[in-house]
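Structure first, then comments.
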Amino acid sequence: MRGKAMAKKRRDRDFRPDKPQGSLLDKLYITKQQRETLLKWTLYGVLTLLCLVIQDTFLSGIWVFGASPDLVPMVILLIGMMQSTEAGATFALCAALFYYHAGSAPGAFAVAALPLLEFALSAFRQSYLRKSIGATVFSAASALILYEFLVFFVSLVMGRTYLSRFPVAILTWLMSLLAIPVLYPVCRAIDRIGGETWRE
């Protein structure tokens, strides 16, 4: 009898159930750098959304000789130029998809045009220019004018515009550049969250 009791105690001791595990959220650990990176990209997304709202509400009523500022492509390209080539192109692709599905993009080609232009000009900047305000603004402005030329060319081929309206594309680009003094400091402040993404 005593032997059976001892054997039972031994079995209870050897086969104790595992301690209850916490939830998946208890196991999730995010470092400070990961939190800052998540915050940075969230703020970039909010800024892009804010620019989309401003463009579709306030700026849509501003026309100068048939041209209106193209704020969303400007902010997408400006943000992309502040990142590494891969990160900037990825952001431009995601933002362009949102831009298109929000119904504000001039066409589906913008989904390919914005990330490709961002990738090409960002790679050029990192290869041949030093990181500076001038280089960032020059690269973003160059990508934007190529984008506006592409929008005009596609619209011309599809019969949505006339060749005589080409100066409107130039004026749209110039009006969009007026947003840089406001957008650049905001984008730069967000870019500083979590440390520099590209150092020479």
**Q.** Which residues share a side-chain hydrogen bond (donor to acceptor under 3.5 Å, both in side chains) with T31, sequence neighbours left out
**A.** Q34
Q) When rounded to the nearest 0.5 angstrom, what is the spacing between CD in E36 and CD in Q33? A) 7.5 Å
Q. Rounded to the nearest 0.5 Å, how far apart are CG of L71 and CZ of F58?
A. 11.0 Å
Q: Report the distance from atom CE of M74 to atom OG1 of T172, rounding to the nearest 0.5 Å.
A: 13.5 Å
Q: Walk me through it: do L43 and L47 pass the test side chain to side chain contact (heavy atoms under 4.5 Å, CB included)?
A: CA-CA 6 Å; L43 290 175; L47 178 62; over 6 Å; no
Q.
Can you tell me how far apart SG (C94) and CG (L114) are? Round to the nearest 0.5 Å.
A. 12.5 Å
Q) Considering all heavy atoms of both residues, which atom of V168 and which atom of F65 are nearest to each other, and what is their separation? A) CG2-O, 3.8 Å
Q. Side chain to side chain contact (heavy atoms under 4.5 Å, CB included) with S142: which residues, sequence neighbours excluded?
A. L121, F138
Q) Will you find, in the side chains of Y44 and Q83, an N or O donor that is under 3.5 Å from an N or O acceptor? A) yes
Q) Side chains of P106 and Y147: closer than 4.5 Å at any heavy-atom pair? A) yes
Q) Do the side chain of E118 and the main chain of A89 share a donor and acceptor less than 3.5 angstrom apart? A) yes
**Q.** Side-chain touch I180/L177, heavy atoms, less than 4.5 angstrom
**A.** yes
**Q.** Heavy-atom donor-acceptor pair, R125 side chain to A135 backbone, under 3.5 Å
**A.** no
Q: Could you grab the distance from atom SG of C187 to atom NZ of K40, nearest 0.5 Å is fine?
A: 11.5 Å
**Q.** Test item: F98 and L49 side chains (from C-beta on) under 4.5 Å apart, heavy atoms
**A.** yes
**Q.** Within residues 46-56 or reaching into it, pairs that qualify as side-chain hydrogen bond (donor to acceptor under 3.5 Å, both in side chains) - sequence neighbours excluded
**A.** D56-S104
Q: Search all heavy atoms of F149 against all heavy atoms of I170 and return the closest pair with its distance.
A: CE2-CD1, 3.4 Å
